[in-house]
*Asks:* 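Got a structure for you, written out below as structure tokens; questions coming shortly.
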Amino acid sequence: MSDYVQRTDRPAMSEWIEQMAAHFEASEGMPLIAGRVLAFLLVCDPPERTAAELSLALAASTGSISTNVRLLMRLGVVSKTTRQGKEAALYRVEEDRWPDLVRHRMERVTGLEELTGAGLRMFSGQGERARRLRTVHEFYQWLAGEMPELWRRWEREGKPKLRF
């Protein structure tokens with residue numbers, strides 16, 4: 001295992017993992033360690049890792065790894081498997097579930113259309129307040145209208161073809 005860690009503990013890879021973690025923290029509100037785990041699982045070889053291996057590779061406590069792996073499992077982007085004869089569970093990234101994660105996030109974002117619509121009904125005819133709310137509502141209305149076609153296009157055109 002130490003050979004494995006040495007092969008992956010390159011400065012460029014460590015920096016990339018940190019950039020990914022920072023991105024997930026800023027865009028998703030994800031803890032840094034969860035972003036590190038996710039980034040590492042995206043590129044590690046072999047693709048399945050135990051909590052102890054993740055802890056060693058990412059220089060994080062096993063408790064922190066376990067907590068954040070559970071978060072990633074709830075999001076559906078990491079899965080847990082067990083193997084007969086192995087004590088430790090194995091974790092792997094579920095790259096095919098990524099669109100589901102993004103779709104769920106987009107549904108929450110476009111759900112603001114309903115809230116801003118309710119606000120518009122409440123403040124109708126109230127000048128500046130209604131204008132500001134209408135501006136935001138129109139954006140979310142547009143975004144909600146675009147999402148179904150975007151997902152249809154993904155189903156039609158965007159799903160990756162395996163390229164090895």
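Count residues from 1 along the sequence. These numbers were taken from a predicted model, which means no experiment stands behind them.
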*Asks:* In chain order, what residues pass the side-chain hydrogen bond (donor to acceptor under 3.5 Å, both in side chains) check against R92, with sequence neighbours excluded?
*Replies:* none
*Asks:* Under the side chain to side chain donor-acceptor pair (under 3.5 Å) definition, can you give me all pairs with a residue in residues 108-118, not counting sequence neighbours?
*Replies:* T116-H137
*Asks:* Please list all pairs meeting salt bridge (Lys or Arg N to Asp or Glu O under 4.0 Å) that have one or both residues in residues 61-83, counting only residues at least two apart or in different chains.
*Replies:* E48-R83
*Asks:* Who are the side chain to side chain contact (heavy atoms under 4.5 Å, CB included) partners of A130, not counting sequence neighbours?
*Replies:*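 If we apply the side chain to side chain contact (heavy atoms under 4.5 Å, CB included) test to A130, skipping adjacent residues, the hits are R134.
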*Asks:* Are more than 12 heavy atoms, taken from residues, nucleotides or ligands other than E155, located less than 6.0 Å from that residue's CD atom?
*Replies:*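 Buried by this count: over 12 neighbours within 6.0 Å.
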*Asks:* Extract all donor-acceptor atom pairs below 3.5 Å that involve side chains of residues 57-67 and protein atoms in other chains or at least two apart in sequence.
*Replies:*
from: S61; atom 1: OG; to: S64; atom 2: N; distance (Å): 3.0
from: S66; atom 1: OG; to: T62; atom 2: O; distance (Å): 3.0
from: T67; atom 1: OG1; to: G63; atom 2: O; distance (Å): 3.0

*Asks:* Quick one: side-chain hydrogen bond (donor to acceptor under 3.5 Å, both in side chains) partners of R103, sequence neighbours excluded?
*Replies:*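 Expected list: none.
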*Asks:* What pairs of residues pass the salt bridge (Lys or Arg N to Asp or Glu O under 4.0 Å) test when at least one of them lies in residues 135-149, not counting sequence neighbours?
*Replies:* E149-R152, E149-R156
*Asks:* Under the side chain to side chain contact (heavy atoms under 4.5 Å, CB included) rule, collect the residues that match up with L115, sequence neighbours excluded.
*Replies:* L112
*Asks:* In the hydrophobic clustering (ILVMFWY, side-chain contacts below 4.5 Å, transitive), which residues join L90, or is it alone?
*Replies:*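 In the cluster with L90 there is nothing else; it is isolated.
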*Asks:* Under the rule for side chain to side chain contact (heavy atoms under 4.5 Å, CB included), what residues qualify as partners of E128, not counting sequence neighbours?
*Replies:*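 E128 satisfies side chain to side chain contact (heavy atoms under 4.5 Å, CB included) with R131, R132 only.
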*Asks:* Please list all pairs meeting salt bridge (Lys or Arg N to Asp or Glu O under 4.0 Å) that have one or both residues in residues 35-44, counting only residues at least two apart or in different chains.
*Replies:*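 Found E18-R36.
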*Asks:* Could you list the residues that satisfy side-chain hydrogen bond (donor to acceptor under 3.5 Å, both in side chains) with T81, not counting sequence neighbours?
*Replies:*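 Not a single residue meets the side-chain hydrogen bond (donor to acceptor under 3.5 Å, both in side chains) criterion with T81.
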